[in-house]
Amino acid sequence: MRIATWNVNSINVRLAQVLAWSEAARPDVLALQETKVPDERFPRAPLEAAGWHVACHGQRAYNGVAILARAPLEDVATGIPGLHDDQARVLAATVGGVRVVCVYVPNGEAVGSDKYGYKLRWMEALRGWLREELARHPLLAVVGDFNVAPEPRDVHDPELWEGRVLYSEPERAAFRALLALGLCDTFRRFDQPEGSYSWWDYRMRAFQRNLGLRIDHILASPALCERCTACRIDRAPRGRERPSDHAPVVADFDLPT
DNA sequence: ATGGTTGTACGACAA
């Protein structure tokens, strides 16, 4: 089973790229973030015509998540139980016996801002819920845009970024707290090229200069992590015309589809 | 350099 995640920064702008990339990369599950459409305007028909089962949870203009799967999506759920949140950031579904949680963690805007506080509270609520999800689902994947670069090697210039949003110590601690539940960062289970990032700012030709951060992740429960055989970032879509500012992350698991 | 670019929706706001 191949699971991928991609912050597409508008599903309607990126629909042709999602169809073309998924045709070539052949994920069995594709989690999307920043779809930026309410569910009634999600491009369900062209995706279903391409063979996808579709679950989506969106809103006007901002946020929005979706899960595409080759097999039927079961037990679809939205949001973090017990967290009051009017932003569409979490979607979960079971596919082929694997519980897939698609997350779009708040950006946080700037350290010390109201949105930064919301981000830290949100991540703490996520942690509490995932502890329960791990107990319920031996095969659990938590994938998406976490808006946190966990380590210095995930940042093109860690000294420049130290203390800034996406790489402040409280955010890194919140990410480590997710790993402390027993989730593994599948990307770091394997040798990776130096300078591996998943997001590059649109400005200042950041992608061409590889001024990026690795903030998109595929986390796996212990039993799922044991079956992980590969994880990589596919930079190619970021270099194409009118790209998302994020690249897809892809992980393979030794599981039947 | 408080800059720069993109998406949503047509003026800011979010990232």
Side-chain angles (χ1 to χ4, degrees), chain A residues 5-21 31-44 46-47 56-66 79 83 85-91 102-123 126 143-150 154-157 159-168 170-172 174-175 197-217 233 235-249:
Chain A
T5 182
W6 193 5
N7 179 324
V8 291
N9 189 16
S10 169
I11 184 59
N12 281 317
V13 170
R14 235 64 71 187
L15 177 62
Q17 293 183 48
V18 168
L19 289 168
W21 180 80
L32 304 173
Q33 301 86 37
E34 283 205 87
T35 52
K36 297 189 173 180
V37 284
D39 295 344
E40 63 272 18
R41 286 180 44 214
F42 192 90
R44 177 180 287 274
L47 290 163
C56 56
H57 174 51
Q59 63 185 94
R60 192 178 95 107
Y62 304 118
N63 310 311
V65 282
L83 177 72
D85 190 4
D86 54 11
Q87 303 189 20
R89 296 184 174 279
V90 173
L91 180 64
C102 171
V103 302
Y104 174 48
V105 175
N107 171 278
E109 189 187 28
V111 172
S113 67
D114 289 349
K115 288 173 187 171
Y116 182 78
Y118 164 65
K119 178 180 194 173
L120 294 180
R121 290 193 302 277
W122 196 97
M123 291 188 76
L126 177 68
V143 312
D145 178 0
F146 288 74
N147 269 316
V148 179
D154 301 315
V155 180
H156 70 88
D157 186 342
E159 290 184 17
L160 174 70
W161 277 85
E162 181 64 50
R164 296 191 184 192
V165 75
L166 310 183
Y167 188 62
S168 71
E171 293 165 272
R172 277 145 40 198
F175 186 86
Y197 310 123
S198 67
W199 169 81
W200 301 259
D201 198 294
Y202 280 124
R203 297 165 288 192
M204 305 295 288
R205 301 176 62 255
F207 178 68
Q208 290 81 351
R209 300 157 67 195
N210 200 28
L211 305 182
L213 305 180
R214 190 176 72 94
I215 58 177
D216 300 87
H217 307 297
I233 296 170
R235 303 164 55 94
R238 182 63 178 81
R240 301 216 176 92
E241 194 165 342
R242 208 178 181 192
S244 168
D245 46 350
H246 295 251
V249 186

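The chains referred to below are lettered A, B, ... by the order of the sequence lines, with proteins before strands, and numbering in each begins at 1.
- The distance from atom CD of Gln87(A) to atom P of dA14(B) is 9 Å, rounded to the nearest whole Å.
- In this structure, Asn9(A) and Lys36(A) have side chains that are in contact, with non-hydrogen atoms separated by less than 4.5 Å.
- dA15(B) and dA9(B) have their P atoms separated by 15 Å, with the value rounded to a whole Å.
- Of all heavy-atom pairs between Gln59(A) and Ala88(A), the closest is OE1-N, 2.6 Å.
- Ring orientation note: the planes of Trp199(A) and His246(A) are tilted relative to one another, at an angle of 30° to 60°.
- For the P atoms, the distance from dT8(B) to dG4(B) is 22 Å, rounded to whole Å.
- Rounded to an integer number of Å, the gap from Asp145(A) CG to dA15(B) P is 10 Å.
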Point to revise | Protein-to-nucleotide contact annotation, 5' to 3' order, nucleotides 3-11 of chain B [B base; S sugar-phosphate only; - none; under 4.0 Å, heavy atom] | key: -BBSBSS--

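- If you measure from atom CG of Asp86(A) to atom P of dA14(B), you get 12 Å, rounded to the nearest angstrom.
- Regarding Asn147(A), its CG atom lies at a distance of 8 Å from the P atom of dA15(B), rounded to whole Å.
- The salt bridge (Lys or Arg N to Asp or Glu O under 4.0 Å) contacts involving residues 198-217 of chain A comprise Asp154(A)-Arg214(A), Asp185(A)-Arg214(A), Asp201(A)-Arg203(A), where partners must be two or more places apart or lie in separate chains.
- Taking atom CG of Asn63(A) as the reference point, atom C1' of dC13(B) lies 12 Å away to the nearest angstrom.
- Annotation: dG7(B) and dG11(B) have their C1' atoms spaced 14 Å apart (nearest Å).
- For the 3.5 Å distance criterion, the side chains of Lys119(A) and Asn107(A) fail to qualify, holding no donor opposite an acceptor.
- Nearest heavy atom pair, residue Arg89(A) against residue Asn63(A), reads NH2-OD1, 3.2 Å.
- Within residues 111-123 of chain A, the residues approaching DNA chain B are Lys115(A), by heavy-atom distance under 4.0 Å.
- Tyr197(A) meets the ring-ring contact (aromatic ring centres under 6.0 Å, His included) test with no other residue; sequence neighbours excluded.
- With sequence neighbours excluded, no residue forms a ring-ring contact (aromatic ring centres under 6.0 Å, His included) with Tyr116(A).
- Partners of Phe146(A) under the ring-ring contact (aromatic ring centres under 6.0 Å, His included) rule, at least two apart in sequence or in another chain, are Phe175(A), His217(A).
- Counting any heavy atom pair closer than 4.0 Å across all strands shown, Tyr104(A) reaches sugar-phosphate atoms only and no base atom.
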